[in-house]
Student: 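Would you mind keeping the following structure in view while I ask a few things?
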Amino acid sequence: HRNCFSGKDLIETLKHRLDESEDKCMRFAKRLLDAGVLHHVDRRHDGDASFHNTAKDYYRLQCMASPEVLNTYRLWPSGRRNCVTVVEDLTKRLSTVELASLDDEGLLDYVKARANPEYAVFEDAVCELQNFSKADMEALGSDEMMAMGLNIYSIMLRYGWLKQGIPLSQADRQHYLSEVKFNLAGDLYSMKDWIEVLRGRKGKFAIEKDYRVHFAINMGPHNGSGFSSPYPRFGAQNLSDELDVAGAAFCSEDRNVNVRRKEGKVRLSSIIKQYHGDFCRDDKSLLAIIRKFATGKQKSELGKILDDKESFKVVYHDPELGFHVSSGPWYNQKGVEMMQKKATRRSSFGKNSKDPLGGSEHSVRSTSSNRSSYSWR
């Protein structure tokens, strides 16, 4: 097991650090267990009220209990705030960390951001999503739920880049979107799961289907876009206008829409192909939609193709993943799978520090040229 310590090691450390008797340290360890700060690594012990002071029973801190779930730094206590207000607060907190970590060229330094004390505050605060009320979310109107849902997606995607690393290939990106999860109202969602919610295809939320959601979730510097700096925040009052702006930003980038009229081709992002049915059924109608949001020469060329009924072919490609970062951790699928495999094995505490309060960092690095890494923290 990774990032764990035996019950015996913890008691010995507490006795040394606190200079207290074994009996008092046992009671303190029991309180940590009851509060959810500690967990037994064997899930069969869930609900076990006893703390085991042995060399064979292993425990893990809550912040390391579910490394594939982003907002599990701690278990959020009872008591709820308005969910829209919480998401707005989290957006501000994360944006504050990011803006304070820009270099002289305006690129985000992820290493600096993770060292920012406000990032630790954000990691604690984002756990409040665990305690959201499903009933409260389901009671929101379509625009209010859509705006909040888009903001949650943006928060968790950017948080994931910071905590788990940035995928540098399309394969790593797809793995990341499927495997990295977050806890919302007690349910676990991957990024792809949450896209299905925003598409109006998952959950009981009052979200009306709107193809513009795909523009919104694929814009911003955290997606490699040069538009909408620093990061967008959507609101229910002007949601339709903001989605139109997202559409204009998406369709104005050559990596997403590139009209080659002389060749009779229109190159579009594979994102549109993946969700073609959300836009329309045929390519001609699709180009009419793209034309609505395109600007400049792209819009003019699309107009000539459609108005003059010229023949054309739509071709799709994976857009280049360009990230506006100066440094950062890199997410690598092979490294993740290797760590997940290791995490399922039972093993001794091994060469890790005997002081469970001292902490240690475990990471695996790939041998690929981009030196991708994945850390369990």
Side-chain angles (χ1 to χ4, degrees), residues 70-71 82-96 98 122 125-126 128-129 132-134 136-162 173 176-178 180-185 187-253 256 269 271-272 274-275 278-279 289 293:
L70 293 173
N71 58 326
N82 178 274
C83 53
V84 175
T85 300
V86 172
V87 174
E88 289 178 350
D89 289 348
L90 292 174
T91 301
K92 292 176 183 177
R93 288 184 184 277
L94 184 54
S95 294
T96 298
E98 292 165 336
F122 168 81
V126 76
E128 190 169 359
L129 295 180
F132 272 23
S133 164
K134 294 179 185 177
D136 289 350
M137 289 191 293
E138 291 170 0
L140 295 175
S142 178
D143 284 357
E144 198 168 20
M145 181 61 203
M146 174 70 85
M148 186 182 75
L150 288 170
N151 293 332
I152 289 174
Y153 183 86
S154 175
I155 289 168
M156 302 316 293
L157 192 71
R158 290 149 56 196
Y159 177 30
W161 283 179
L162 280 164
R173 179 181 173 85
Y176 173 92
L177 294 176
S178 299
V180 176
K181 299 177 176 63
F182 59 93
N183 185 322
L184 182 68
D187 291 331
L188 297 183
Y189 295 89
S190 68
M191 302 300 168
K192 284 189 175 180
D193 290 335
W194 196 244
I195 290 174
E196 293 304 294
V197 170
L198 295 173
R199 294 176 69 205
R201 294 173 175 267
K202 187 180 181 70
K204 298 180 180 179
F205 309 112
I207 291 182
E208 297 178 6
K209 296 179 181 179
D210 191 327
Y211 63 81
R212 294 176 297 174
V213 69
H214 299 294
F215 299 144
I217 63 178
N218 288 288
M219 62 181 289
H222 50 291
N223 279 307
S225 170
F227 289 89
S228 300
S229 182
Y231 298 99
R233 184 173 71 235
F234 294 93
Q237 291 185 337
N238 302 304
L239 181 61
S240 184
D241 291 340
E242 292 170 355
L243 290 175
D244 282 344
V245 171
F250 182 90
C251 294
S252 294
E253 291 196 87
N256 296 322
S269 166
I271 293 168
I272 297 176
Q274 185 177 359
Y275 299 104
D278 289 0
F279 290 86
I289 290 174
F293 296 99

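All residue numbers refer to positions in the sequence shown, counting from 1.
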Student: Only counting residues at least two apart or in another chain, list the ones meeting side-chain contact (heavy atoms from CB on, under 4.5 Å) with S190.
Tutor: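 With neighbours one apart ignored, the set is K181, K192, D193.
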Student: Side chains of F132 and V86: closer than 4.5 Å at any heavy-atom pair?
Tutor: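 Yes, close enough: below the 4.5 Å cut-off.
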Student: Counting distance only, does the side-chain N/O of N151 pair as donor-acceptor with the main-chain N or O of F234 below 3.5 Å?
Tutor: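 Side chain of N151 to backbone of F234: a pair is present.
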Student: Taking C-beta and beyond as the side chain, do I155 and F182 meet within less than 4.5 Å on heavy atoms?
Tutor: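 Sidechains of F182 and I155: no contact.
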Student: How many angstroms lie between atom CE of M145 and atom CG of L239, to the nearest 0.5 angstrom?
Tutor: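 Separation between the atoms: 12.0 Å.
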Student: State, with a plain yes or no, whether a side-chain heavy atom of L94 is found less than 4.5 Å away from one of L90.
Tutor: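 No, every pair of side-chain atoms sits at 4.5 Å or beyond.
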Student: Locate the shortest heavy-atom distance separating L198 from M146; write the atom from each residue and the value.
Tutor: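 Minimum heavy-atom separation between L198 and M146: O-CE, 3.6 Å.
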Student: On a heavy-atom basis, which atom in S142 and which in E208 lie closest, and how many Å separate them?
Tutor: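 Between these two residues, the closest heavy atoms are OG-N, 3.0 Å.
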Student: Taking only residues two or more places apart in sequence, or in another chain, which ones meet E138 in a salt bridge (charged side-chain N to carboxylate O under 4.0 Å, His left out)?
Tutor: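 Partners of E138 under the salt bridge (charged side-chain N to carboxylate O under 4.0 Å, His left out) test: none.
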Student: So does L150 get a backbone contact from the side chain of S154, meaning a donor-acceptor N/O pair under 3.5 Å?
Tutor: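 No: the side chain of S154 does not pair with the backbone of L150.
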Student: Return the set of residues passing ring pair (Phe, Tyr, Trp, His ring centres under 6.0 Å) with F215 (not counting sequence neighbours), or none when no residue passes.
Tutor: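 For F215 the ring pair (Phe, Tyr, Trp, His ring centres under 6.0 Å) partners, ignoring immediate neighbours, are F250, F279, F293.
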Student: Just to verify, what does K134 make a side chain to side chain donor-acceptor pair (under 3.5 Å) with, not counting sequence neighbours?
Tutor: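 D187.
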Student: A side-chain contact here means heavy atoms from C-beta on lying under 4.5 Å apart; do L177 and L157 qualify?
Tutor: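 Result yes, sub-4.5 Å side-chain heavy-atom pair found.
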Student: Test of understanding: with side chain to side chain donor-acceptor pair (under 3.5 Å), list the residues that count as partners of E242, not counting sequence neighbours.
Tutor: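 For E242, no residue satisfies side chain to side chain donor-acceptor pair (under 3.5 Å) once neighbours in sequence are set aside.
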Student: According to side chain to side chain donor-acceptor pair (under 3.5 Å), who are the partners of R212, at least two apart in sequence or on a separate chain?
Tutor: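 Counting only residues at least two positions away or on another chain, R212 forms a side chain to side chain donor-acceptor pair (under 3.5 Å) with D210, S240, D244.
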Student: List the steps, then state whether side-chain contact (heavy atoms from CB on, under 4.5 Å) holds for S95 with R158.
Tutor: CA-CA 10 Å; S95 294; R158 290 149 56 196; 3.3 Å; yes
Student: Using the side chain to side chain donor-acceptor pair (under 3.5 Å) criterion, which residues pair with T96? Sequence neighbours excluded.
Tutor: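 T96 satisfies side chain to side chain donor-acceptor pair (under 3.5 Å) with no other residue.
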Student: Does any non-hydrogen side-chain atom of L184 lie less than 4.5 Å from one of M156?
Tutor: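 Side-chain contact under 4.5 Å: no.
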Student: Could you work out, with side-chain contact (heavy atoms from CB on, under 4.5 Å) as the rule, every residue matching R199, not counting sequence neighbours?
Tutor: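 R199: side-chain contact (heavy atoms from CB on, under 4.5 Å) contacts with I195, E196, R201, H214, Y275, D278.
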Student: Name the orientation class of the two ring planes belonging to W161 and Y176 (parallel below 30°, tilted from 30 to 60°, perpendicular beyond 60°).
Tutor: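 Answer is tilted, since the angle falls between 30° and 60°.
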Student: Taking only residues two or more places apart in sequence, or in another chain, which ones meet F122 in a ring pair (Phe, Tyr, Trp, His ring centres under 6.0 Å)?
Tutor: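 Counting only residues at least two positions away or on another chain, F122 forms a ring pair (Phe, Tyr, Trp, His ring centres under 6.0 Å) with Y159.
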Student: Residues in side-chain contact (heavy atoms from CB on, under 4.5 Å) with D241, at least two apart?
Tutor: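 Counting only residues at least two positions away or on another chain, D241 forms no side-chain contact (heavy atoms from CB on, under 4.5 Å).
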Student: Is there a side-chain contact between K92 and R233 in this structure, where contact means two heavy atoms from C-beta onward sitting under 4.5 Å apart?
Tutor: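 A side-chain contact under 4.5 Å exists here.
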Student: If you round to the nearest 0.5 Å, how far is SG of C83 from CD1 of I152?
Tutor: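 Rounded to the nearest 0.5 Å, the CD1-SG separation comes out at 7.5 Å.
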Student: With sequence neighbours left out, write down each residue that passes side-chain contact (heavy atoms from CB on, under 4.5 Å) with A236, or none if nothing qualifies.
Tutor: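 Checked A236 against side-chain contact (heavy atoms from CB on, under 4.5 Å); matches are D143, E144.
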Student: Check whether the ring centres of Y189 and W194 lie less than 6.0 Å apart, and answer yes or no.
Tutor: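 Centroid separation for Y189 and W194: below 6.0 Å.
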